[in-house]
There are 2 protein chains.
Amino acid sequence: MLSKKTKYALHALTYLGKHRENKTVLIHDIAEEYGISHKFLENILLELRKAGYLGSKKGKGGGYYLIKEPKDIALSKVIRLLDGPIALLPCVSLNYYEPCAECKDESHCGINKVMAQVRDETLKILENKSLQDVLDGE
Amino acid sequence: MLSKKTKYALHALTYLGKHRENKTVLIHDIAEEYGISHKFLENILLELRKAGYLGSKKGKGGGYYLIKEPKDIALSKVIRLLDGPIALLPCVSLNYYEPCAECKDESHCGINKVMAQVRDETLKILENKSLQDVLDGE
DNA sequence: AATAAAGTCTATAAAAATTATAGGGTTTAC
DNA sequence: GTAAACCCTATAATTTTTATAGACTTTATT
């Protein structure tokens, strides 16, 4: 399962994508829309900004806004940023690989093989779906 | 990511599948093979037994053994038993469904739609792959 | 019958990860 | 100069996961 953090990040991006005509959107408004704690969301938006998805403006009249085109925001990247690995096992993770301590020989592990397949199919979707696709699905 | 519990369960089933010619296999031997804590594994095997995957024999000379054919043990079922939902969000889980508190209308949620697609592709694999496939992949 | 081996079961402890909050700092519009 | 709004780091609270403990039952063997 995705963490709430990740889920909220996706919601926040969706909200920002829907309000691109506004120069900025308040954390407060997003938090209210989804019933999320303001402070929790603040940390999430900060992370998204540091990762280059969002811009912000401080002070009165400030807020957040998307700085990437929705079509250029791959869901896989957002999930990895906030949640870490997408794969079901560390030994098949492309971005967060770690060997499994209990496994003597990964190349002869049947579990590894199945999970690699799951990873491939999952990534086939998440790498090709963008925020634009999410917006289109609303 | 799958929990260690689930991963160990899959390893244990694999081990038992490989040693079907033995009448029983000791927890101890499985734990040693994979470097897992005996007691932790004990709880896992107990759960697999209660779910009808394993039989056991108490007392001296006792141990565990598979009571299903490896081809009849779907990976999806094992994962659900030990880890819960396979889906990435509660709102797209078939077996552990829960609505997302922040979502007003699931049928118009773009995130829901993508995650349902991921679930479908994941299940296409995990429901059709069995312990036998794991054994064949070793 | 005694003993030791092996699983049973439930409870609890320890550790890690997730979720949430706090609060002072900085910037900016007005 | 004041209030609005984001910035940033730390910490607290909660939940989940991982691990351990220990007393109990069953069974083979001698």
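Just so we're on the same page: letters track the sequence lines, and every chain starts at 1. Note that these values count all heavy atoms, side chains included, but never hydrogens, waters or copies made by symmetry. Computed from a predicted model, the values in this text were never measured in an experiment.
The phosphate of D:dC7 has OP1 or OP2 within less than 4.0 Å of a side-chain N or O from A:S56. Applying the 4.0 Å criterion to OP1 and OP2 of C:dT21, one finds that A:S37 has a side-chain N or O inside that range. Remark: B:R49 is in phosphate contact with C:dC9, judged by side-chain N or O atoms under 4.0 Å from OP1 or OP2.
Comparing C:dA22, D:dG22, D:dT27 by their closest approach to the side chain of A:K39 singles out C:dA22. In the set C:dA11, C:dA5, D:dC6, the nucleotide with an atom closest to the side chain of B:K60 is C:dA5. Among the nucleotides D:dA19, D:dT18, C:dT8, the one closest to any side-chain atom of B:Y8 is D:dA19. Nearest to the side-chain atoms of A:K57 among the listed nucleotides C:dA29, C:dT8, C:dT19 stands C:dA29. Distance from the side chain of B:E42 is smallest to C:dT8 among D:dT18, C:dT8, D:dT27. With D:dA5, C:dT27, C:dT8 as the candidates, the nucleotide lying closest to the side chain of A:K58 is C:dT27.
Rounded to an integer number of Å, the gap from CD of B:E32 to P of C:dA6 is 13 Å. In this structure, CD1 of A:I30 is placed 13 Å from P of D:dA5, rounded to the nearest angstrom. Atom NE2 in B:H38 sits about 15 Å away from atom P in D:dG22, given to the nearest Å. The interatomic distance linking B:N43 (CG) with C:dG7 (P) rounds to 13 Å, in whole Å. Separating the CG atom of B:L45 from the C1' atom of C:dT8 is a distance of 12 Å, rounded to the nearest angstrom. Across the protein-nucleic acid pair, A:L2 atom CG and D:dT16 atom P stand 16 Å apart, rounded to whole Å. Atom P of nucleotide C:dA6 and atom NE2 of B:H28 are separated by 9 Å, given to the nearest angstrom. Whole-Å rounding puts the B:L16 CG to C:dG7 P distance at 11 Å.
B:N22 has its side chain out of reach of B:Y65: every pair of non-hydrogen atoms, C-beta onward, lies at least 4.5 Å apart.
Using a 30° and 60° split on the angle between ring planes, A:Y8 and A:F40 fall in the perpendicular class, above 60°.
Counting any heavy atom pair closer than 4.0 Å across all strands shown, A:K50 reaches sugar-phosphate atoms only and no base atom.
Contact of B:E47 with C:dC9 (side chain to base): no donor-acceptor pair of N or O atoms is detected under 3.5 Å. For C:dT18, the base has no donor-acceptor partner in the side chain of A:D83 [N/O atoms by modelled type, under 3.5 angstrom].
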Inset, instruction - In sequence, state the C-alpha distance, the side-chain angles, and the governing distance for B:K39 and B:E42, and then conclude on salt bridge (Lys or Arg N to Asp or Glu O under 4.0 Å). - result: CA-CA 5 Å; B:K39 276 298 197 175; B:E42 183 179 299; 3.4 Å; yes
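Map A:G61 and A:S3 each onto its nearest nucleotide of DNA chain C; the residue landing nearer the 5' end is A:S3.
Counted within 6.0 Å of NZ on B:K113, heavy atoms from surrounding residues, nucleotides or ligands total more than 12; the atom is thus considered enclosed.
For the pair B:E121 and B:K124, the salt-bridge criterion is met [side-chain N within less than 4.0 Å of a carboxylate O].
Note on A:M115 and B:V118: separate hydrophobic clusters, where clusters join Ile, Leu, Val, Met, Phe, Trp and Tyr whose side-chain heavy atoms are under 4.5 Å apart, directly or indirectly.
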